Amino acid sequence: MVAIDRAPAKPRRRYRNLWRQTPQSFRIGLIILLLHLILAVTGPFWAPYGFSQMGTGIPLSGMTWKHPFGVDQLGRDVFSRVVHGAHIVILLSLSGTALGLVVGAILGLLSGYIGGWFDNALQRLLEALISIPFLVLALIAIASAGPQLSGNPILVVAVVALVYAPRIARMARAAAIDIATRDYVTMARLRGESAWSVMRRELLPNATSVLLVEFALRAGYAPVLIGSLGFLGFGLRPPTPEWGLMISENRALIIITPITVLGPGLALASLVVGLNLFTEGLARILGRTVRLGNQ
Amino acid sequence: MSILKLVATRILLSLLTLLLVSLIIFFVLEILPGDVASRILGRDATPETLNTLREKLGLYDPAVLRYWHWLSHFVTGNFGQSLVSSRAVTEILAPRVFNTVLLSLYAFLLYLPLTVLPAVIQAIRRDRPADHALSVVTLVLLSMPDFLLATILLFLFVVVFRWFPAISLVDPTSTALDYLWAMTLPALTLAIVMAVYAVRMLRDNLIEVLDSDYIRMAELKGLSARRVLFRHALPNALVPTLNVTALNLAYLVGGVVVVEKVFSYPGFGSLLVDSLQLRDLPVIEATVMIAALVYVGANLLADIASVLLNPRLRTA
């Protein structure tokens, strides 16, 4: 027998192996998320009708090939509205969560590292904010912003951040307290680095996995929060094709054409399922446990 | 001694948190645009009547003084008067809170079997199709916004099966059974949302407990599978979910806002949404404070329970 050197595996196969090693939930979640992202980016270019275009078909005519999600009361094609809404829901969710993450991470890491009265005072304040049920807090914040700002997407982003920042800060603080005992942090402190610089250069890189999972977890519920606000009439204004708002608008039609509610509902639920699976898988890859939930 | 001290500290901290909540609520609502007096008087406002009403409401006092007045009245159970209907807030609030407490109790009653049954099925059929199927179901339900779940249940049971009335309105002539019937769908929605969180945790706990030595011992003693499961495994697996149950109680305070709105149930949550739309400050302040009170109370109970149940935490 002659020993034959095997040719090295093609690089493509290496990636395929890497892909196979990831948890199944991560893979399914990622695929669902990618589909939603593609929908969000390309949707406005191929949606059959405009998001506020009326008279596209017979109102309340139900499910047809031309109108897979039916036609609403004003004669708008619900499928086109769902497609146009994808980038709104995703953009607002991600930017709100990202803002909450930045504020929460800075507050939490600093508070955990500095400790003392600063930490105590901040913890009490954050605890108080967390004690108000998140939907109630969001509603009050929107009501106090006044009628000029209501329905403004920036307000919705700010409210999502306000709700999430205290919760993210709590996680970041716990991580910072753990990291602060390590030798490299002591070294940095002895070098005379400021708290800000220790946070940026020592704490933040080492808390990345905690913050990443936290971000994914919170981002998963941001669409629900935004949808709930829209549903209650405190979020974006009609005719914005936000999915929660659409469910609320078409709710009265559920007896006649259930698909006008179930269509946007399917879009919203599948996005959150994707984000949740992705979060669970990501947590497993990073060696963390995560409890999915809104609380 | 140390337990008492720990519990006392937790209670004091909770009170401090509530005080901060009251500060936040009061000052956030203070900056609501528009003057309260002109909002009450509406079109009838003349400079004189505005002035008198402002004096009467104490709007010329500094904010700190008004906060003190509000808080001292609040603590003694005087929540003030509604700006919209000029009825006492307690009078408006009491029946709403009663309705919501009733709804919550009903939801908790449904929540227990909805948590235990799927978790037990999943644990004994671990990694088999039934377990996987239930995992998928809980994940989907977990990811579904509560207003969507409520709407779908409404659709299924009211439109497709025609079992329930669409609106949970009950008039004084209706019997207790009518009440119960009308409350079933909102309670079921809340129960499902709460159960989904607990099921996943209880399943993992149960599987862990079923793998432990004392369960093997119980099996080797020759006890029946049912007895092992329900007398030995389940009670031990339930303890860690106590925390989730307290969190669920906290969820309930916010969850009722959406669910009551969907079913037009005249409770505390729909009162909050309505009073926010009407900008009825005293009612908003009272409802939010009650919500925070329940939340803080639930967390306090969970803390104390976990201290009492876990000897290692007692000395901490």
Side-chain angles (χ1 to χ4, degrees), chain A residues 25 123-125 127-149 220-221 223-225 227-228 230-234 243-244 247-248 250-251 254-256 258 261-262 264-266 268-277 280 291-295, chain B residues 13-14 16-25 28-34 139-140 142-148 151-152 154-155 158-160 166 193 196-197 200-201 244 247-248 250-255 257-258 261-262 269 272-273 276-277 279 284 287-288 291-296 299:
Chain A
S25 56
Q123 282 318 301
R124 295 277 75 76
L125 180 68
E127 195 64 36
L129 282 174
I130 294 173
S131 303
I132 307 171
F134 68 91
L135 191 57
V136 177
L137 180 65
L139 290 176
I140 295 174
I142 287 175
S144 67
Q148 285 89 10
L149 277 175
Y221 285 94
V224 177
L225 177 59
S228 303
F231 183 82
L232 291 173
F234 284 81
W243 296 337
I247 293 173
S248 137
N250 297 340
R251 208 161 56 89
I254 197 165
I255 301 170
I256 313 163
V261 175
L262 298 180
L266 181 73
L268 186 51
S270 66
L271 174 64
V272 182
V273 166
L275 280 161
N276 274 337
L277 283 171
E280 206 178 53
R291 206 167 75 219
L292 296 176
N294 210 355
Q295 298 149 350
Chain B
L13 281 179
S14 305
L16 185 65
T17 305
L18 281 177
L19 190 71
L20 271 172
V21 170
S22 74
L23 261 172
I24 294 172
I25 299 302
V28 162
L29 292 175
E30 255 327 274
I31 58 168
L32 269 178
L139 181 79
V140 170
L142 188 75
S143 308
M144 197 180 276
D146 31 18
F147 61 90
L148 182 61
T151 310
I152 290 177
L154 196 72
F155 173 65
V158 177
V159 181
V160 181
V193 174
V196 175
Y197 295 112
R200 293 168 75 85
M201 196 178 173
V244 179
L247 279 177
N248 268 329
Y251 154 78
L252 209 55
V253 189
V257 175
V258 170
K261 205 67 198 155
V262 174
L272 176 68
V273 176
L276 274 169
Q277 264 151 0
R279 305 186 161 267
I284 301 174
T287 32
V288 176
L293 198 73
V294 175
Y295 186 95
V296 171
N299 274 308

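Remember, it's a predicted structure, so these values are computed and weren't measured experimentally. First the proteins, then the strands, lettered A, B, ... as listed; each starts at 1.
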(request) Drop me the distance from A:Ser131's OG to B:Asn299's CG, to the nearest 0.5 angstrom. (result) 7.0 Å
(request) Sort A:Leu225 into side chain, backbone, both or neither according to what part of it lies under 4.5 angstrom from a heavy atom of chain B. (result) neither
(message) So, taking the atom named CG in A:Leu135 and the one named CG in B:Asp146, what distance separates them when rounded to the nearest 0.5 Å?
(response) 8.0 Å
(request) Check whether B:Ile152 gets within reach of chain A through its side chain, its backbone, both or neither, counting any heavy atom under 4.5 Å. (result) side chain
(request) Side chain from CB out, backbone as N, CA, C, O: work out which of these in B:Val296 comes under 4.5 Å of a heavy atom of chain A, or both, or neither. (result) side chain
(request) Rounded to the nearest 0.5 Å, what's the gap from OG1 on B:Thr151 to CG on A:Asn250? Could you check? (result) 11.0 Å
(request) Give, for atom CG of B:Leu148 and atom CG of A:Leu266, the distance between the pair rounded to the nearest 0.5 Å. (result) 9.0 Å
(request) Counting only heavy atoms closer than 4.5 Å, note whether B:Leu293 contacts chain A via side chain, backbone, both or neither. (result) neither
(request) Could you list the residues that satisfy side chain to side chain contact (heavy atoms under 4.5 Å, CB included) with B:Ala292, not counting sequence neighbours? (result) B:Leu18, B:Val21
(request) Would you mind telling me which of A:Ala141, A:Pro258, A:Pro264 has the largest number of heavy-atom pairs within less than 4.5 Å of chain B? (result) A:Pro258
(message) Under 4.5 Å from any heavy atom of chain B, what part of A:Leu262 do you find: side chain, backbone, both or neither?
(response) side chain
(message) Under the criterion side chain to side chain contact (heavy atoms under 4.5 Å, CB included), I'd like the reasoning laid out for A:Ile247 against B:Phe147: C-alpha separation, chi angles, the key distance, then a yes or no.
(response) CA-CA 9 Å; A:Ile247 293 173; B:Phe147 61 90; 3.8 Å; yes
(request) Could you tell me which portion of A:Arg251 (side chain, backbone, both or neither) has an atom closer than 4.5 angstrom to a non-hydrogen atom of chain B? (result) side chain
